[in-house]
Number of protein chains: 2
Amino acid sequence: MHSAPRWTATRQRLYDAAAALISERGFSATTVDEIAERAGVAKGTVYYNFASKDGLLEALMLHGAEELAASLRQAAQGAVRHGGGPGGALDAMVRAGLAFIDRRPAFAKLYVAELWRCDRPWQETLAAVRGRVVAAVEEELRAGAGPGGPEGRPDVSLTASALVGTVLVAALDWKVFQPERPLEEVHRALAALLEGRVAGAGGPT
Amino acid sequence: MHSAPRWTATRQRLYDAAAALISERGFSATTVDEIAERAGVAKGTVYYNFASKDGLLEALMLHGAEELAASLRQAAQGAVRHGGGPGGALDAMVRAGLAFIDRRPAFAKLYVAELWRCDRPWQETLAAVRGRVVAAVEEELRAGAGPGGPEGRPDVSLTASALVGTVLVAALDWKVFQPERPLEEVHRALAALLEGRVAGAGGPT
DNA sequence: CCTACCGATCGGTAGG
DNA sequence: CCTACCGATCGGTAGG
């Protein structure tokens with residue numbers, strides 16, 4: 001009997017190969033042959049593990065979003081346990097988001113490239129993918145009802161979406177255009193921006 | 001002699017058609033025939049106006065970034081003239097960014113889909129495109145040196161990049177997933193986030 | 001600015 | 001009999 005199921009490792013290799021190639025070249029410009037070659041298997045093996053090239057992308061996105069959402073939730077819970085307060089939990093999520101994209105930049109590139117396209121076969125799957133990520137942030141926003149009461153805070157889902165965008169674009173710009181910077185520096189810039197040390201400088205309320 | 005140069009209108013139609021199709025399906029999945037058909041010309045006309053499919057995309061991105069940067073600068077200048085202060089200028093740029101994406105969602109989708117890919121033929125052009133947008137924001141950040149002096153403000157280029165990301169992702173999420181919301185509501189959510197009314201709620205400084 | 005056409009390569013599946 | 005694969009090739013379509 002074989003102890004560790006081999007297909008798990010094969011699928012993981014296919015995920016990694018597909019993410020790396022599609023994130024750089026785009027879905028249609030990446031051939032199934034290339035994905036298979038990079039994963040070290042034959043093309044037929046791709047179709048043994050997934051119904052189609054589309055199916056591979058959907059599974060890949062779902063898999064990555066699961067990891068990201070789990071990472072965000074874990075960071076928030078850790079911060080709360082260590083007494084950081086609700087603001088500390090958000091800060092921890094920002095840092096966890098940066099760290100995730102640091103490890104998996106390909107997933108982030110795929111996410112921004114595909115998420116807002118409206119007429120693709122995997123549109124519904126991607127809406128679910130977005131939901132998992134944004135929900136993790138929304139939960140923390142609701143848990144940490146800030147000062148000033150509800151009347152001072154705008155819509156939670158809009159805020160969560162904007163927060164995800166802040167981290168996503170800052171992290172991608174960092175990895176692609178200024179990779180020599182330490183994560184800590186990017187985190188500081190985001191913390192300052194989100195604490196109003198940039199925009200709060202005299203604008204009308 | 002022909003009064004209004006026809007090729008200007010033809011290129012504009014090709015820009016619009018290409019942006020609409022490529023932003024939804026991706027570059028490789030969009031055929032030159034489709035672009036030509038939507039623009040109401042024959043395929044050969046595309047190659048009469050542009051050297052290649054790649055060249056059309058590059059010109060399209062440059063054209064759009066020019067419009068966006070101009071719109072941002074104009075908004076900032078208008079706010080300063082009306083005495084809004086540096087904070088008011090940033091707020092005006094956020095609003096102008098939302099309004100631009102409201103008018104040209106296809107450009108925003110193209111931007112996020114292509115900008116961070118590293119091995120494509122038009123990579124350098126896109127870096128220039130990014131530079132034009134981010135520079136417009138950086139100028140305003142430098143002009144409006146906030147309170148607390150330079151030591152309190154983190155890196156300007158990281159902050160500008162994050163600001164662009166905040167507006168970009170919030171606007172795309174808005175247009176795609178909650179199109180019924182008014183622009184004003186999205187703007188309020190972003191203003192609150194950037195004034196620290198969300199993250200400033202008790203985190204460690 | 002259009003018609004006609006080429007070199008090459010695509011995603012998906014056959015039998016073993 | 002089942003699983004996890006491979007070498008070769010199909011019908012259609014791409015950019016130029």
Side-chain angles (χ1 to χ4, degrees), chain A residues 1-61 110 114 117 119-123 125, chain B residues 1-61 110 114 117 119-123 125:
Chain A
M1 71 195 343
H2 48 284
S3 52
R6 183 155 52 147
W7 66 266
T8 299
T10 299
R11 286 194 192 181
Q12 186 61 52
R13 295 227 307 286
L14 284 170
Y15 283 151
D16 292 342
L21 291 169
I22 299 176
S23 70
E24 286 300 332
R25 306 177 191 179
F27 180 78
S28 298
T30 301
T31 70
V32 176
D33 281 301
E34 289 170 326
I35 296 171
E37 186 188 353
R38 186 184 244 255
V41 300
K43 180 159 67 171
T45 305
V46 176
Y47 290 94
Y48 183 83
N49 283 279
F50 301 96
S52 63
K53 192 187 178 190
D54 288 14
L56 168 56
L57 183 76
E58 291 191 50
L60 166 62
M61 295 299 289
L110 272 176
E114 295 294 340
R117 293 184 171 158
D119 68 350
R120 308 211 89 179
W122 50 79
Q123 181 186 352
T125 299
Chain B
M1 67 193 348
H2 46 285
S3 53
R6 181 157 49 146
W7 66 266
T8 298
T10 299
R11 287 195 191 181
Q12 187 61 53
R13 294 227 309 285
L14 284 170
Y15 283 151
D16 292 342
L21 291 169
I22 300 177
S23 70
E24 286 300 333
R25 306 178 191 178
F27 179 78
S28 298
T30 302
T31 71
V32 176
D33 280 302
E34 289 171 327
I35 296 171
E37 186 188 353
R38 186 185 245 254
V41 300
K43 180 158 67 171
T45 305
V46 176
Y47 289 93
Y48 182 83
N49 284 279
F50 302 96
S52 62
K53 192 187 178 190
D54 288 13
L56 168 56
L57 183 74
E58 291 191 50
L60 167 63
M61 295 299 289
L110 271 176
E114 295 294 340
R117 293 183 172 160
D119 69 351
R120 308 211 90 179
W122 50 77
Q123 180 187 354
T125 300

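No hydrogens, no waters, no symmetry mates; every other heavy atom, side chains included, goes into these values. Since the model is a prediction, treat every value here as computed from it, not as a measurement. Throughout, a chain's letter reflects where its sequence line sits, starting with A, and its residues are numbered from 1.
Shown here for R11(A) and N49(A), the closest heavy-atom pair between the two residues is NE-OD1, 3.1 Å. When all heavy atoms of A17(B) and I35(B) are compared, the pair lying nearest together is CB-O, 3.7 Å. Smallest separation of non-hydrogen atoms from A18(B) and L56(B): CB-CD2, 4.0 Å. Counting all heavy atoms, side chain and backbone alike, R38(B) lies closest to A20(B) at NH1-CB, 3.4 Å.
Taking side-chain N and O atoms only, T10(A) has a distance below 4.0 Å to OP1 or OP2 of dC5(D). In this structure, T45(A) reaches the dC6(D) phosphate: one of its side-chain N or O atoms is under 4.0 Å from OP1 or OP2.
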Q: Just do the side chain to side chain contact (heavy atoms under 4.5 Å, CB included) check on Y48(B) and T10(B) with the steps written out, would you?
A: CA-CA 11 Å; Y48(B) 182 83; T10(B) 299; over 6 Å; no
Could you list all N or O pairs between the protein and nucleotides 1-3 of chain D that sit under 3.5 Å apart?
| from | atom 1 | to | atom 2 | distance (Å) |
| --- | --- | --- | --- | --- |
| dT3(D) | O3' | Y48(A) | OH | 3.2 |

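dG12(C) atom C1' lies 11 Å from atom NZ of K53(A), rounded to whole Å. Rounded to an integer number of Å, the gap from R25(A) CZ to dC10(C) P is 11 Å. Between the P atom of dG12(C) and the CG atom of L56(A) lies a distance of 10 Å, rounded to the nearest Å. Across the protein-nucleic acid pair, K43(B) atom NZ and dG15(D) atom C1' stand 7 Å apart, rounded to whole Å. With rounding to whole Å, N49(A) atom CG is found 14 Å from dC6(D) atom C1'. The CZ-C1' distance, from F50(B) to dG16(D), rounds to 16 Å in whole Å.
Of the possible polar contacts, one joining the S52(A) side chain to the G55(A) backbone as a donor-acceptor pair under 3.5 Å is found. Judged purely by atom type and a 3.5 angstrom limit, R25(B) has no side-chain atom pairing as donor or acceptor with the backbone of R120(A).
On the P atoms, dG16(C) is 22 Å away from dA4(D), given to the nearest whole Å. Going from the C1' atom of dT9(D) to that of dG11(C) covers 12 Å, rounded to whole Å. If you take atom C1' in dA8(D) and the same atom in dG12(C), they sit 13 Å apart, rounded to whole Å.
Expressed to the nearest 0.5 Å, how far CD1 of I22(B) lies from NZ of K53(B) amounts to 6.5 Å. Note that CD of Q123(B) is 11.0 Å distant from CD of E58(B), once rounded to the nearest 0.5 Å.
The stretch residues 31-40 of chain B comes close to DNA chain D through T31(B), V32(B), each having a heavy atom under 4.0 Å from the strand.
Side-chain contact between F27(A) and L110(A) is absent, with no heavy atoms from C-beta onward closer than 4.5 Å.
Between D16(A) and Q12(A), the side chains place a donor N or O and an acceptor N or O closer than 3.5 Å (distance only, hydrogens not considered).
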Q | 5'-to-3' dot-bracket of DNA chain C (Watson-Crick, G-U; under 3.5 angstrom; crossing pairs as [ ]; | other strand) | A | ....||.|.||.|.|.
